[in-house]
Amino acid sequence: MVTFIAGRIMLEADKSMQQGQDKYKAYFVNTSIYHKHKDVVDTILRTDGYTDVIVTT
C-alpha cells in the first residue's frame with residue numbers, strides 16, 4: 001500500500017510540484033484514512049528525492 005501511495009504522489013510530482021503536493025494533500029491532509037501509512041510514505045518520498053512534495057497543511 002505504501003509503495004502504491006508514494007508512487008502515485010511521485011507520478012504527479014513528475015508532472016509538476018503543485019500536482020504532487022495536491023496528491024499528497026489528498027492522501028494525508030484532506031482525509032485521515034491513510035494516516036497510518038504517512039510516516040513510511042514520507043520516508044520513501046525523502047529517500048527518492050521528493051522531499052518538497054511533503055506538506056503539513
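The first residue in the sequence is number 1, and the count goes up from there. It should be emphasised that the depicted structure is a prediction, and the values quoted were computed from it without experimental measurement. Reckoned from all heavy atoms, side chains included, excluding hydrogens, waters and symmetry mates.
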### Query
What residues form a side-chain contact (heavy atoms from CB on, under 4.5 Å) with Val2, not counting sequence neighbours?
His37, Val40, Val41, Ile44

### Task
Identify the two heavy atoms, one from Val53 and one from Ala13, that lie closest to each other, and give their separation to 0.1 Å.
CG2-CB, 3.6 Å

### Task
Output yes when a side-chain donor or acceptor of Ser32 lies under 3.5 Å from a complementary backbone atom of His35, and no otherwise.
no

### Task
List the steps, then state whether side-chain contact (heavy atoms from CB on, under 4.5 Å) holds for Tyr50 with Ile9.
CA-CA 9 Å; Tyr50 290 87; Ile9 294 169; over 6 Å; no

#### Entry: Sequence-distant partners of Phe28, ring-ring contact (aromatic ring centres under 6.0 Å, His included), two or more places apart
Tyr24

### Task
Go through the steps to decide whether Asp22 and Glu12 satisfy the test side-chain contact (heavy atoms from CB on, under 4.5 Å), and finish with yes or no.
CA-CA 9 Å; Asp22 289 345; Glu12 292 300 312; over 6 Å; no

### Query
Any chain of hydrophobic side-chain contacts (each under 4.5 Å) joining Met17 to Val29?
yes

### Query
How many angstroms lie between atom CD1 of Ile54 and atom NZ of Lys38, to the nearest 0.5 angstrom?
6.5 Å

### Query
Does Gln21 have any side-chain hydrogen bond (donor to acceptor under 3.5 Å, both in side chains) partners at least two apart in sequence or in another chain, and if so, which?
none

#### Entry: Between NZ on residue Lys25 and OG1 on residue Thr56, distance to nearest 0.5 Å
9.5 Å

### Query
Quick one: do Met10 and Tyr34 end up in the same hydrophobic cluster if we chain Ile, Leu, Val, Met, Phe, Trp and Tyr together by side-chain heavy atoms under 4.5 Å apart?
yes

